[in-house]
Structure formats: structure tokens, C-alpha cells
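Please read the structure below before turning to the comments.
Numbering of ligands and ligand atoms starts at 1, following listing order.
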Amino acid sequence: MTKRAPIFLTKLRLVAPNLLFISWLLNCGAVVADTVGLEIQYPTAWQGRWIQGGLLVGVAPEGHKVLYRGTALPLTSGGQFIVGLSRNATQTAEIVYVKPDNTRYPQSFHVDNRNYETQIINGVPQDKVMPPQSALERIASDSNAVKEARKKITEHEWFVDGFIRPLNGPITGVYGSQRIYNGIPKQPHYGVDYAAPKGTRVRAPAGGIVTLAHQDMYFSGGTIIVDHGHGLSSTFLHLSEILVKPGIYVYRGMEIAEVGATGRATGPHLDWRMNWRDVRIDPLLVLEALPFTKE
Ligand SMILES: [Zn+2]
């Protein structure tokens, strides 16, 4: 079960409404006229926040399609759709609702900026910071396997039932931080790091299908990817043991792996990442948007 967010009313200003449109509005009983034009009260329920790295869960009005950046989003049986915002998402996002007669209703949203911290990490094996020529082929093949595992956008809707954290442990790394390894600035960190002893069991945060289970990738070591549906996926890094195989269904809370320090890591911890399609989003904001609440 999911908690419904309060209903917010967003306004769409019309400059040149046509007659069909006006009659539709009158049927909805939601017209507010002023001297300049018409204003529709367009109700939309959102879970999650419009903030960089955030995940939004919306509900499409009955019979409408939903477009984001020109792509039609899949809808759950309850009419829900999801949108993820990148680390550096621009200040304005737009959702377009499309009626069966193809009338389009664009809605704009302000996206809040975040400040990301810089994290200095020393003592990483130097070949994991500046990989030797001989490792480049392996790194490219790892990266292709990961891309492939996240490519398919499935109609599964396990994400709707909510997320739990994959283990209990102090958070030692956050989404978006600029990372400096052995003095060399690298890609931002996109996961949430939980410190935990080697061998601590990692649980699936929500239901899904395992799309990748790799014993030893160059940077991420033991790695699992789970598809929660609609392009929303979890990735688990630096694992010492992998308890699942690609293609199997995992339920929320199921033990899928053990914490390790494989790949580019200085000590045992779990790095949990989340993607919406190829957009990296903040797992903590997913927990906030879609918390699992016991019935
Ligand atoms: Zn990490």
C-alpha cells in the first residue's frame, strides 16, 4: 500500500482556448475566469520532491497519457508514473498530460538545487584510481554489462509497494558528493554508503528482478542490479558474496548478498545506487518518496 500525498493544485494559464477545450473545462467544473483568459485548476498528486536527484511519483488523470522529455511514460494499474531528476537537473521540469483527443496540457515544475560536498578518500590502491592500460578492456566490458542490465524498461510495478533500507549501518557516503581519490578528482559519488562488517547480509529494498549479478567488476567488485519496474533499478557494489542469479525475482527484505570491500573500496561497506532509466538518482530520496509502511 502506498500513502497518497496531499493533492496540490497547479495552474495552467490559457492564452487562446478553443471551444472544445472550454466545454471540456465546463464539464470538469473547474474553470476560473479572469479578465485576461482562463485558469484551469489541474489537480496532481505527487509523492517525492522536485529536487536534484529526486524521484517523483505522480498519478495520471483518467484516460490521459503522460509525456516527459518527449517520451510516453508507462502507467501502473493505478495510473501512477515515475520521473527521476539528475544530480545537475535544470531548474525547470515539464510534464505534458495528453488527453485521448491529443490535447496537450504542459505543466512546469521548479526543481530545487542542492549543494554537494567534497569527500577526500586516501589509501585507495593506485591502480583503482589510475587504471593501467591492461584494465581498460575489462572496464569497458563491465560498463557495457551495466548499461545492458538497465536498458529494458519493464511494466513491473513493484516499486509502488515501497522501499526499505538494504541494511542497518551508519551512512558514510552520500549521493552527489565530489570524490577525490588519492588526491585525484574523480566522478561524483552516486550512491549511499552504509558501513557494515564484511559478511553483513544485504536485503532487497523492494521487489524486483535481478538483471545483473557479477562476482568481480573492476571498480565496483561484486555487483548486483535489481529492476523494480518502469526503469527504476537498484545497484549494489563491493559485495563479497552474491546469493542470487540473474533472472530471479527477489522480494522486499530478501537476503541477496553480503557486504564486502571488493573493487575500489577502502573498507567493507555497501554502496547502494539507484537509477531511473539512465538517470542516477538519490536512494535516500527514493526512500522518502516511496517508503514502505507496514499495513
Ligand atoms: Zn560508495
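A salt bridge does not link K65 to D101: none of the charged nitrogens lies less than 4.0 Å from a carboxylate oxygen.
Aromatic ring pairs are classed by plane angle as parallel below 30°, tilted from 30° to 60° and perpendicular above 60°; the pair W158 and Y249 is tilted.
The aromatic ring centres of W276 and F81 sit 6.0 Å or more apart. Centroid-to-centroid, the aromatic rings of Y116 and H189 stay 6.0 Å apart or farther.
For the Zn ion (ligand 1), the count of nearby protein N/O/S atoms, taking only those under 2.8 Å, is 4.
Judged by the 6.0 Å and 45° rule, R252 forms a cation-pi pair with F292.
For the pair M217/F219, no side-chain contact is recorded, criterion being any heavy-atom separation below 4.5 Å from C-beta on.
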